[in-house]
Number of protein chains: 6
Amino acid sequence: MGQYRNGAGPMRVAQEAPFYRAAGDEAEVFRAAAGGGLPVLLKGPTGCGKTRFVQAMAHELGRELITIAGHEDMTSADLVGRFLLKGGETVWVDGPLTRAVRQGALCYLDEVVEARQDTIVVIHPLADHRRELALDRLGTTLPAADGFQLVISYNPGYQSVLKNIKESTRQRFVAIELGFPPAEIETEIVAREAGIDVRTAGDLVRLGNAIRNLDGAPLREVSSTRMLILAGALVAQGLGLRSAARSAIVQVLSDDPDVVHALGELADAVLPRP
Amino acid sequence: MGQYRNGAGPMRVAQEAPFYRAAGDEAEVFRAAAGGGLPVLLKGPTGCGKTRFVQAMAHELGRELITIAGHEDMTSADLVGRFLLKGGETVWVDGPLTRAVRQGALCYLDEVVEARQDTIVVIHPLADHRRELALDRLGTTLPAADGFQLVISYNPGYQSVLKNIKESTRQRFVAIELGFPPAEIETEIVAREAGIDVRTAGDLVRLGNAIRNLDGAPLREVSSTRMLILAGALVAQGLGLRSAARSAIVQVLSDDPDVVHALGELADAVLPRP
Amino acid sequence: MGQYRNGAGPMRVAQEAPFYRAAGDEAEVFRAAAGGGLPVLLKGPTGCGKTRFVQAMAHELGRELITIAGHEDMTSADLVGRFLLKGGETVWVDGPLTRAVRQGALCYLDEVVEARQDTIVVIHPLADHRRELALDRLGTTLPAADGFQLVISYNPGYQSVLKNIKESTRQRFVAIELGFPPAEIETEIVAREAGIDVRTAGDLVRLGNAIRNLDGAPLREVSSTRMLILAGALVAQGLGLRSAARSAIVQVLSDDPDVVHALGELADAVLPRP
Amino acid sequence: MGQYRNGAGPMRVAQEAPFYRAAGDEAEVFRAAAGGGLPVLLKGPTGCGKTRFVQAMAHELGRELITIAGHEDMTSADLVGRFLLKGGETVWVDGPLTRAVRQGALCYLDEVVEARQDTIVVIHPLADHRRELALDRLGTTLPAADGFQLVISYNPGYQSVLKNIKESTRQRFVAIELGFPPAEIETEIVAREAGIDVRTAGDLVRLGNAIRNLDGAPLREVSSTRMLILAGALVAQGLGLRSAARSAIVQVLSDDPDVVHALGELADAVLPRP
Amino acid sequence: MGQYRNGAGPMRVAQEAPFYRAAGDEAEVFRAAAGGGLPVLLKGPTGCGKTRFVQAMAHELGRELITIAGHEDMTSADLVGRFLLKGGETVWVDGPLTRAVRQGALCYLDEVVEARQDTIVVIHPLADHRRELALDRLGTTLPAADGFQLVISYNPGYQSVLKNIKESTRQRFVAIELGFPPAEIETEIVAREAGIDVRTAGDLVRLGNAIRNLDGAPLREVSSTRMLILAGALVAQGLGLRSAARSAIVQVLSDDPDVVHALGELADAVLPRP
Amino acid sequence: MGQYRNGAGPMRVAQEAPFYRAAGDEAEVFRAAAGGGLPVLLKGPTGCGKTRFVQAMAHELGRELITIAGHEDMTSADLVGRFLLKGGETVWVDGPLTRAVRQGALCYLDEVVEARQDTIVVIHPLADHRRELALDRLGTTLPAADGFQLVISYNPGYQSVLKNIKESTRQRFVAIELGFPPAEIETEIVAREAGIDVRTAGDLVRLGNAIRNLDGAPLREVSSTRMLILAGALVAQGLGLRSAARSAIVQVLSDDPDVVHALGELADAVLPRP
């Protein structure tokens, strides 16, 4: 097995032709939005495949994809660009959003709800009929090139009253909800992405669904597709299945000794003996 | 169908001759305020058409419109301008408000209640009989050119005790309240803006009003005209009406699975079968 | 009717010979303070005429008036001045307070209680027997020219425990309290400032006093003289009296539908039928 | 009567030979501290004469006095100095504390408890046996010249738990408590400083003490010597005694209409009829 | 005995061939993660040997180790790099994370949970299949060289609700939990690291475990392996064993006089008489 | 008597050969820590002699002593150094910690618990077996020269839950607790440091211990050795003993009139009549 990126492993394939299996009408809605140049809001839990879905749609539509990870300290300058000092002159350097607007790319703002309000407001004129980006520092406004489309994502489970998408932002978007895929599709994804056989992948998906179905479990998140792939990748490196599940799933889901113990027992019950 | 902005679709028309239908005496009051150079405060829910109303009035009055979106991190420099370093010298660059004051434009500050207090204070001398803008950093004061008019907007439903327009600011303005238009006018707007036939637009407006009339619904906002237009734009791209309503209205209004389910059933009941 | 500032309307007159009618001994106290070079603190509700009173006194005393609007983000540099980069050198640029100190002007700090503490401390040595301004960044102290006088204002109704004038600041000032003028004087002011006849002005003042006398009304502020003038200015532009009162008074005083309705009925009862 | 500073009035005299009357052993303690180079902490209410006491002692000891007003936003750079950009080079400019340390002056930090902690820590090595000032930015330490003495003041009534002098700072100082002077001395001070006759000054002192003796009065501060002098200065400009007391004392002490009314009646009862 | 670092003492040995004794399958899991280029999250109490484990694994894998200590004020620039001004030009200087990405080093982020959110987000694309570092300020993206691996650590006992690793971060990692080693292994470690005989080391480990087993002790942390080594190092310098335990363990664990007294008695009971 | 620093008084002696009397095994532990290059944490109340102890140990060990006072706004740059602009180039200037690391000095961080977390983290690699200082801005790591030793101090009585030394920092240090010295030693210290006879010094120490033994006294701190020396220094300047005790002890310990009165009576009872 090669390295996570550089080897011949399945991870690398995603760079070229992203593997995505639709579970509902999400692709259909995305295509209609793309056709009308309408912005899209993706809702769903962490690790359910939002990023991969966007990659697949960009690939199908033949558009460049520019991804920006939102965070608490992100400012509008991080999106739009800033002046840098070069040779005693201030020189403007485009931010990733500005590059997407100029090139007509698909711009994916991941977890944008984390960003400060000024970054949110920057995208308003791009998200309605104006389709333009105000470059206040340059004193100009940039019309979006054909093909530009805005996609933002967030995880409804995380949002608090204080940290939410403003209604005035939300209602500029077409909303698509994503969840964890059905067992059959998820097994296919885990097998492909981790580079393991379908039976082992099926074991991991069974464990994932067993954890997702726990009643009243004190877990902030359930086992995501991403965790199952990581566990599979450890197996692909020769680690035992139970050891892999313990490291990539159980120990990741909780720090509480009792919860870790209970999840460990569940894993041993679901997974085959070595 | 063309793209949201660049195609031949209805969105583009708004750039040239904004479509607005008055539902009360709002245009009459605006004209009187404009005649006397008095500043205007627009009150109303998100997506009810405040921006479009200002565009229509600017068009009727033959004045340039400069729009500025307020946000939490907006400073007075964002409005007034700042010094930039060029060739070892600091050069002053006008902000959008200063440009409007010099050119006698109509200046629309959207959601200005979000901005920091210093931005608010900057507009005080522009909003009373002084009609001047203090450029503190330049050490001068700029008289407003003929035709300059200040318009600010806010959504009363959002305001908390902490985040409100100061009384000393409010009472410098003539206040105009806007709401969602009557069904007939809203249907005409949705049909025109989304590029769909009047019957489909009427279906969407009926759904919008059904949601607006829900008693005790746990929704922070109701379905706005903007949402109905977005749903219509998805239909114009070939998506089914119910799918469009689910993506542009139901999923946008809530993240709560129960609420989403109930609104979905309401949509299915109101909208015709495919 | 001309524009708010540039036309031949009444607003313009204020620039030359401010119209002020004393209702108590406020002018007498101000003159004594000016004679002794003592600083003045003006107390009173928003829109009662504090600014106009200072303009009238500056005119009578033949002194230049420099007005500075206080706000939360105002720093001492905004008052005193700062270094700017010009041609690779830092060049000092006086702030408005420093200009007033050099020229012996009357310096009016409006709503100074909003400013940060360091701005307040800057004015201490100007407000006591020292009459000097420390220019810390220049390493010098500037004695106030003859004629310099400091006037600050604030609205007692707004002050909270956290945001108040420090006692050590307050007691450096001679305090003058202003309120809304008696009906006869207020009618004269409204008629002059708005450019309307005395009967219409009287109607508006009657409405203003009716609102001021409401018991237990959930209003943060009552109808100010400034609001009455704005309503009059709309009438001067041809708008009906009731429409003008609704836009410039009722809708400004509250966002609560019930309160707006009740105030609207009160306005209809007080104002003559069209 | 001349102006507060530039005329022939009594205020000016203070610039040359400050008028101070000791009411206890404060001068004796100050002299011993000065003899040993020990730092002094002055405690006492606002306007009781702390500044004037320091001026008198500096005059008696023949030392230059450098006064610095503390405030919330004061940083150590405001005390110690900073680099400024001149001709493309950064040039160091001494702050007022550094100047005092070099010249062996008496350095008076007024209301230093307001300053940020780093300013406080800067004075520690100056306040103990080290008698030196660390100039971190220059990478050197400056020994205090002979004659340098540190005096800080604060008002115990203002201090909260959060905003207090740290014990580790306090115990480096010799503490002297000052209060309002006895009636006879205060009358002499008010007459001299305001330029009025002793009888009128006596009337004002009587009013001052009547207010200070009020039981359970909802006043944050009582009438200070400074207020009495201000009232006297208004009288010296020709204003009636009761009008002067109302503006310089009553309206300054409270914004509450009931308290203002009660204090006004007390003033009318204590002061002679015009 | 030499100095902590430069002498011939045991501390120095760690620089060359880190001494580590595995107590579970932690090394096995780490090797599988390293083989697949998967990022690792180390969980465990302070001083249990997390850093030493990473050093041992880096040594075994033959990779350079770059360690970065996380803290509250760490920004993404501290990790990624920044522009510095040199000769009038801004020059980019790589941060430690960027150096690790370029060189294919093992990058260990210690206590990264302390850092601000923007630093966390920076590592996301490095921690999933993308294996790339966005250099936003340079407008480029850097692919990780072969051999690059990310390891982060945190102490679950410290985490509060506010200060935790986001789920979306956690689930990108393979998690390994570490605890204090069994007595035999810990004795060997203490003897080697402190340069003392095995019997004395055994005495210290016995004291350490006695403290760890105290019921309901008001200690925020228990005696760590690191503390035992420090106590041993004092003994190696000639200090008595009880004095060493008091200084390196008892006085470090608490400031409460009663707790200090009780722990002192426990130490005297466990440790042999001098 | 000379000045606090420059005269022939006792304060000056401390500059050359610090006077310290050990009351326990603190010097022995310090020597062992110094021998092993282990960092030391000094715990004890304000003014008990922590600084003097470090000065004495540095003198005995023949090492240079570099003292840094911690405070809330201290940043890592204050310790490590920063770039300054000189002649258009940025030039690196070492901070005091970096100088100590290069020169192998004893570096004493006083009240370091006040500093921000990033300053604390900077000292971690200096405090464990690595003995190195990361100069992130220079992109290098500086090994500590032979003889470098880190000593930090704090006052356990001040620490709150929010403002404490992190456990991960604490357990890198050997902890030594200091208290006020026994009466005989304290009398010798006060006599020497203040330059007064032993009988007067004994009177002051008796007062100090009387205050320390007060039950339930509402004092945040008790009378420290430093206060007793200050009182003695006033006596050495000719002030009466009771006056000196009132100014340097009683008025320093409290602002509460009742407490000041009670402490004054206690002082009069303990101290001999003049």
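So you know, we letter chains A, B, ... as the sequences are listed, proteins then strands, and number each from 1.
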Which atoms form the tightest heavy-atom contact between [X] and [Y], and what is the distance?
| X | Y | value |
| --- | --- | --- |
| D:L234 | C:V29 | CD2-O, 4.4 Å |
| C:Q171 | D:L230 | O-CD1, 3.6 Å |
| D:Q251 | C:A175 | CB-CB, 3.6 Å |

key: Largest heavy-atom contact set with chain D, pairs under 4.5 Å, which of C:V40, C:V174, C:L41, C:I176   = C:V174
ask   = Can any side-chain N or O of C:K43 pair as donor or acceptor with the backbone N or O of D:V252 at less than 3.5 Å?
value = no
inquiry  = With heavy-atom distances below 4.5 Å as the criterion, would you say the side chains of D:R246 and C:D25 are in contact?
reply    = yes
key: Region of D:S223 that comes under 4.5 Å of a non-hydrogen atom in chain C   = neither
task = Identify whether the distance between the nearest side-chain nitrogen and carboxylate oxygen of C:R170 and D:D255 falls below 4.0 Å.
result = yes
remark   = Value for OG1 (D:T51) from CZ (C:R130), rounded to nearest 0.5 Å, stands at 6.0 Å
request  = Nearest 0.5 Å please: distance from the CD1 atom of D:I229 over to the CG atom of C:L38.
outcome  = 11.5 Å
note = One option among D:G47, D:G95, D:S224 has the most heavy-atom pairs under 4.5 Å with chain C, and it is D:S224
